[in-house]
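The figures that follow rest on heavy atoms only: side chains count, while hydrogens, waters and symmetry mates do not. This one's a predicted model, so the numbers in the text were calculated from it and none came from an experiment. As the structure lists them, so they are numbered: ligands from 1, and atoms in each ligand from 1.
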Amino acid sequence: MIRMKDIVREGHPVLRETAQEIKMPPSQEDIRILKEMQQFLANSQDPELSEKYNLRAGVGLAAPQINISKRMIAIRLEEEDGKEYLYSLINPKIISHSVEKSYLTAGEGCLSVDRDVPGYVPRHARITLKGYDIEREREVKLRLKGMPAIVFQHEMDHLNGIMFYDHINEDDPFKAPEGAIPIDR
Ligand SMILES: CC(C)(C)[C@H](NC(=O)Nc1cc(F)cc(F)c1)C(=O)N(CC(=O)NO)CC1CCCC1
Ligand SMILES: [Zn+2]
C-alpha cells in the first residue's frame, strides 16, 4: 500500500524530470503500480484509513510522485453535483485547450509540497485530453472544464517536471490573469 512516506517531496530530482512514455500494451507491473496509485487516492479519501495511516485527502497522483518516472496518472474526484471522475491513465495527452484560463480562488497545494504556497495558478479553462484508461481498458477522450480540468492539468504537469507554483505570478501572486474564470471549490 502507498503511504505518505512513499511520496517524494519537492527537491527530489524526479519531480523535475520529463517522465517516459509507456510502450503499449502496458506491462502487468505498470498496471499494478497505477492501480496502487488509484487505491492510495481511495484510501486517502476514506475517513478511517486516512486517519489510521495519516494520509492527506488526495484527488490526483502522478507516477513521478512515487519516484516512478513514467507517464501515468490517477484521478479520483467527486464534484458537488455528484459527478465522479475516476480515471487511471497511461500516456495521457492534452490534444486541445481553450485560450481562456481559469484558476482555483483558494490556490493549489500538492502532495509533494509540505508548505503553503499562496497565489493563483492559471490553467486552461477547458481541455480535451486522451489516454489509455486501465479502469475502462480502452483509450478515453475527455472534454473537461472546472475543477476536473484543474486536477488533470496539475497531474499532467508532474509528468513534465512542472510544479504548481511555477505558474504563480511572482510580482503579484493574486493577480488574476486577464479574463480568467475563478473557481471556488
Ligand atoms: C494537495 C492536496 C491538498 C492533498 C490536494 N487535495 C485536494 O485538493 N483535495 C480536495 C479537492 C477538492 F476539490 C475537494 C476535496 F474535498 C478535496 C491534492 O490531492 N492535490 C493532488 C496532487 O498534489 N497531485 O499531485 C493537489 C490538487 C491541487 C489542484 C489540483 C490537485
Ligand atoms: Zn501535485
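- Electrostatic pairing of D133 and R138 does not count as a salt bridge here, judged by no charged N lying under 4.0 Å from a carboxylate O.
- Checking only distances, S112 never comes within under 3.5 Å of ligand 1, N or O to N or O.
- Taking the ring axis of Y85 as reference, the NZ or CZ atom of K83 stays within 45° of it and closer than 6.0 Å to the ring centre.
- Protein heavy atoms are found inside the 4.0 Å sphere centred on atom 26 (C) of ligand 1.
- Of the N or O atoms in V59, one or more lie within a sub-3.5 Å distance of an N or O in ligand 1.
- F174 meets the side chain to side chain contact (heavy atoms under 4.5 Å, CB included) test with P118, Y120, D172; sequence neighbours excluded.
- If you look at the Zn ion (ligand 2), the protein N, O or S atoms less than 2.8 Å from it are C110 SG, H154 NE2, H158 NE2.
- Counting heavy atoms only, G60 comes closest to atom 21 (C) of ligand 1 of the residues A74, G60, P64, S44.
- Checking only distances, L111 does come within under 3.5 Å of ligand 1, N or O to N or O.
- Of all the atoms in ligand 1, the ones that sit under 4.0 Å from a non-hydrogen atom of H158 are 25 (O).
- The cluster map of Ile, Leu, Val, Met, Phe, Trp and Tyr, joined by side-chain heavy atoms under 4.5 Å apart, puts L34 and V14 in different clusters.
- Nearest to atom 3 (C) of ligand 1 by heavy atom, out of R76, R56, E80, is R56.
- Comment: E29 does not engage K70 in a salt bridge, judged by the lack of any side-chain N to carboxylate O separation of less than 4.0 angstrom.
- Hydrophobic clustering (ILVMFWY, side-chain heavy atoms < 4.5 Å, transitive): I162 and F164 are in distinct clusters.
- Checked against a 3.5 angstrom limit, the closest N/O atoms of A57 and ligand 1 fall inside it.
- Exactly one residue among H167, H154, H97 makes a ring pair (Phe, Tyr, Trp, His ring centres under 6.0 Å) with H124. That residue is H97.
- Atom 12 (C) of ligand 1 is flagged as protein-proximal [any protein heavy atom, distance under 4.0 Å].
- Residues forming a salt bridge (Lys or Arg N to Asp or Glu O under 4.0 Å) with R16 (at least two apart in sequence, or on another chain): D166.
- Inside a 4.0 Å radius of atom 16 (F) of ligand 1 there is not any protein heavy atom.
- For I183, the side chain to side chain contact (heavy atoms under 4.5 Å, CB included) criterion is met by S102, L104, I150, not counting sequence neighbours.
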